[in-house]
S.K.: 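I am attaching a structure below and will ask some questions about it afterwards.
To find a chain, count down the sequence lines: A is the first, B the second, and so on, and within it residues start at 1. Model, not experiment: these values are computed from the prediction.
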Protein chains: 2
Amino acid sequence: MKRDLTTEGKIKEAATRIFITKGFNGCTTREIANESGTNVALVNYYFKSKGQLFDQIISSVVKEFTLSLIDVFKSNMSLINKMRILIEKEFEFLSKYPEIPNFIINELGKKDKSFFDCLDIATEIQNTKIFEEVATAQANGEMRRIDLVSLMLLLMSNCHFPFMAKPMIKAIHSMEDEQYTEHLMIHKQYVTEMLINYLFPNR
Amino acid sequence: MKRDLTTEGKIKEAATRIFITKGFNGCTTREIANESGTNVALVNYYFKSKGQLFDQIISSVVKEFTLSLIDVFKSNMSLINKMRILIEKEFEFLSKYPEIPNFIINELGKKDKSFFDCLDIATEIQNTKIFEEVATAQANGEMRRIDLVSLMLLLMSNCHFPFMAKPMIKAIHSMEDEQYTEHLMIHKQYVTEMLINYLFPNR
DNA sequence: ATATTTTTTAAACACTTGTTTAATAAGTCT
DNA sequence: AGACTTATTAAACAAGTGTTTAAAAAATAT
């Protein structure tokens with residue numbers, strides 16, 4: 001716990017933690033105030049409203065999340081290795097912030113297109129030339145011809161869902177946290193192998 | 001819209017619809033009352049509380065959902081064809097109730113093990129002998145050796161996530177509802193091919 | 001028809017919600 | 001030092017929450 005933060009920082013830190021785990025409707029301004037060691041008036045003093053605080057936080061989280069992707073896209077590897085590292089990094093990132101997939105799906109789903117345009121991550125990804133790289137690899141016959149939406153869906157499905165389903169699987173199979181985390185590492189291998197095999201049939 | 005329902009039925013119908021799309025915290029007793037053409041007192045008259053109404057509904061939904069799985073498990077096909085049909089049925093079911101994956105993940109995650117035990121679906125699935133069938137297929141070398149948790153995760157990840165991510169993908173790629181639904185059918189083919197190839201390498 | 005139970009209604013309850021107010025404290029500047 | 005801005009606090013606000021009450025209406029039984 002960092003204790004030497006400004007009041008604004010303490011509020012944002014607590015709010016981030018709480019919003020990610022409980023969502024916008026799952027918590028209250030007072031909970032954020034208490035958890036940050038402040039009070040409700042201060043929350044609105046620095047952020048005007050619960051909604052504006054939330055929008056600010058969701059932007060930060062999405063930005064930070066996509067940065068880890070962009071790093072891989074810009075790197076100097078072959079496409080197949082980029083894919084491997086991408087999956088690796090995804091599991092690494094999500095192990096650290098397991099609630100983020102749920103957060104993204106639930107809360108980003110409520111926002112409309114204008115919100116995504118403001119974040120301006122589309123152009124940043126465009127600049128990495130990853131799409132061109134995929135296109136040429138598909139033209140080569142090196143990579144399976146599959147559209148970008150499905151490619152993104154395959155990757156996200158297999159990386160994000162296992163973290164989203166954790167509470168459910170734990171309850172169904174009577175597993176402990178540690179046990180499930182352990183299993184996720186095994187699952188990562190399956191996912192990597194399956195996706196690479198499918199996307200690069202002539203590897 | 002069925003109009004010739006009993007009062008209790010009208011409440012349950014409206015509550016099911018609303019709970020599935022907005023979750024427990026995302027709606028109010030008054031919304032359920034209005035939407036069902038009744039009033040708040042009647043909701044509590046028939047269901048005692050919002051919480052008990054919710055538990056009753058979530059049980060029904062999970063039961064109905066797992067029934068479609070059990071039907072496939074009990075059928076008379078080869079394991080590989082069961083897998084194909086399973087994916088087919090999953091996409092079919094989820095096309096009809098696209099909000100259910102999110103509902104299950106979000107709301108079932110809050111419940112503890114005792115709740116799942118009450119539903120008693122584990123034994124019902126056990127009775128289909130599907131697990132034994134998988135075990136022998138793996139012993140045969142017909143199927144890849146992979147544990148049941150990962151098998152379940154692979155299937156659910158690739159079937160459920162595309163429906164959960166619909167609002168996000170729509171916003172990112174500026175797609176319309178119809179266009180995304182169309183794409184889901186293409187994606188289903190990818191998912192089927194990928195999973196079958198991976199799980200049955202010597203097909 | 002009368003009595004009794006079940007269903008429906010409108011109003012109220014106690015509590016929580018996000019937000020604002022007005023007063024006080026702390027900090028900054030000349 | 002005092003004047004002025006910024007930060008913090010406790011209290012209040014109006015609106016919304018789940019739930020309950022008590023009375024009326026409808027249905028059922030005697």
Side-chain angles (χ1 to χ4, degrees), chain A residues 1-61 103 106-112 115, chain B residues 1-61 103 106-112 115:
Chain A
M1 303 277 181
K2 308 166 198 167
R3 280 301 96 196
D4 51 349
L5 274 176
T6 167
T7 303
E8 188 176 352
K10 286 195 289 185
I11 294 171
K12 196 168 180 181
E13 187 215 36
T16 304
R17 187 161 26 87
I18 297 171
F19 275 143
I20 285 180
T21 52
K22 304 191 174 188
F24 182 75
N25 288 322
C27 68
T28 69
T29 313
R30 278 165 183 79
E31 186 179 357
I32 294 170
N34 292 337
E35 201 69 21
S36 62
T38 62
N39 61 67
V40 283
L42 276 175
V43 174
N44 281 3
Y45 174 72
Y46 283 106
F47 298 94
K48 290 209 64 166
S49 76
K50 186 191 178 188
Q52 290 191 41
L53 170 58
F54 184 76
D55 282 352
Q56 201 167 316
I57 284 173
I58 199 174
S59 298
S60 305
V61 170
F103 178 71
N106 286 314
E107 306 296 341
L108 241 53
K110 294 174 192 165
K111 306 283 175 186
D112 50 14
F115 186 83
Chain B
M1 304 276 181
K2 308 165 199 168
R3 280 301 96 196
D4 50 349
L5 275 175
T6 167
T7 303
E8 188 176 352
K10 286 195 289 185
I11 294 172
K12 196 168 181 181
E13 187 214 38
T16 303
R17 188 161 26 87
I18 296 171
F19 275 143
I20 285 180
T21 51
K22 303 191 175 188
F24 182 74
N25 287 322
C27 69
T28 69
T29 312
R30 277 164 182 82
E31 186 179 357
I32 294 170
N34 291 338
E35 202 69 20
S36 62
T38 63
N39 59 67
V40 284
L42 276 176
V43 173
N44 282 3
Y45 174 73
Y46 282 105
F47 299 94
K48 290 208 64 164
S49 75
K50 187 191 179 189
Q52 290 191 42
L53 170 58
F54 183 75
D55 282 351
Q56 200 168 317
I57 284 174
I58 198 174
S59 298
S60 305
V61 170
F103 178 70
N106 286 316
E107 307 296 340
L108 242 52
K110 295 174 191 165
K111 306 284 175 184
D112 50 16
F115 185 82

S.K.: CD1 of A:Ile18 versus P of C:dG18: gap in Å, rounded?
M.R.: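 That distance rounds to 12 Å.
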
S.K.: Between D:dG18 atom C1' and B:Phe54 atom CZ, what is the distance in whole Å?
M.R.: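 Rounding to the nearest Å, CZ of B:Phe54 and C1' of D:dG18 are 15 Å apart.
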
S.K.: Check A:Glu107 with A:Lys110, please: is the shortest side-chain N to carboxylate O separation under 4.0 Å?
M.R.: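 Salt bridge: yes.
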
S.K.: In whole Å, I'd like the distance from the CZ atom of A:Phe47 to the P atom of C:dT19.
M.R.: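 One finds 13 Å between P of C:dT19 and CZ of A:Phe47, rounded.
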
S.K.: Just so I know, are the side chains of B:Phe115 and B:Ile58 near enough to count as touching, which here means a heavy-atom distance under 4.5 Å?
M.R.: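 In short, these two side chains touch, coming nearer than 4.5 Å.
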
S.K.: Categorize B:Tyr46 for me: base, sugar-phosphate, or nothing, with a 4.0 angstrom heavy-atom threshold over every strand shown.
M.R.: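 Sugar-phosphate only.
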
S.K.: By nearest nucleotide on DNA chain D, pick out whichever of A:Val40 and A:Tyr45 is the more 5' one.
M.R.: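 It is A:Tyr45 whose nearest nucleotide is closer to the 5' end.
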
S.K.: For B:Gln52 and D:dT19, give me the distance from atom CD to atom P, rounded to whole Å.
M.R.: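 Rounding to the nearest Å, CD of B:Gln52 and P of D:dT19 are 9 Å apart.
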
S.K.: Classify the angle between the aromatic ring planes of A:Phe24 and A:Phe19 as parallel (below 30°), tilted (30 to 60°) or perpendicular (above 60°).
M.R.: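 Answer is parallel, since the angle falls under 30°.
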
S.K.: Checking side-chain contact (heavy atoms from CB on, under 4.5 Å) between B:Ile18 and each of B:Ile32, B:Asn34, B:Ile57, which is the one that passes?
M.R.: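 Passing option: B:Ile32.
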
S.K.: Between D:dT9, D:dT17, C:dT19, spot the one nearest the side chain of B:Thr28, thanks.
M.R.: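 Ranking D:dT9, D:dT17, C:dT19 by closest atom to the B:Thr28 side chain puts D:dT17 first.
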
S.K.: Report yes if a side-chain nitrogen or oxygen of B:Thr7 is closer than 4.0 Å to either non-bridging phosphate oxygen (OP1 or OP2) of C:dT7; otherwise report no.
M.R.: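 Checking B:Thr7 against C:dT7: no side-chain N or O falls below 4.0 Å of OP1 or OP2.
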
S.K.: Pick the closest DNA chain D nucleotide for B:Thr29 and for A:Leu42 by heavy atoms, then say which residue is nearer the 5' end.
M.R.: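 Whichever sits nearer the 5' end wins; that is A:Leu42.
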
S.K.: Between P on C:dG18 and CG on A:Leu53, what's the gap in Å once rounded to a whole number?
M.R.: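 Atom CG in A:Leu53 sits about 11 Å away from atom P in C:dG18.
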
S.K.: Which listed nucleotide (C:dT21, C:dT9, D:dT19) is nearest to the side chain of B:Asn39?
M.R.: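 Of C:dT21, C:dT9, D:dT19, C:dT9 is nearest to the side chain of B:Asn39.
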
S.K.: Is A:Thr38 touching bases, backbone alone, or none of the nucleic acid, heavy atoms closer than 4.0 Å?
M.R.: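 Nothing, no nucleic acid heavy atom in range.
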
S.K.: What's the NZ-C1' distance between B:Lys10 and C:dT7, to the nearest Å?
M.R.: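 In whole Å, C:dT7 C1' and B:Lys10 NZ are 12 Å from each other.
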
S.K.: Can a donor-acceptor pair under 3.5 Å be found between the side-chain atoms of A:Arg30 and the base atoms of C:dG18?
M.R.: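 Answer is yes: a donor-acceptor pair is held.
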
S.K.: Over how many whole Å does the gap from A:Asn44 atom CG to C:dG18 atom P extend?
M.R.: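 Spelled out: CG on A:Asn44 to P on C:dG18 is 9 Å.
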
S.K.: For a 4.5 angstrom cut-off between non-hydrogen side-chain atoms, does A:Phe47 reach A:Lys12?
M.R.: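 A side-chain contact exists here, since the closest heavy-atom pair is under 4.5 Å.
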
S.K.: Could you state the atom-to-atom distance from CD1 of B:Ile11 to C1' of C:dT8 in whole Å?
M.R.: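 One finds 11 Å between C1' of C:dT8 and CD1 of B:Ile11, rounded.
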
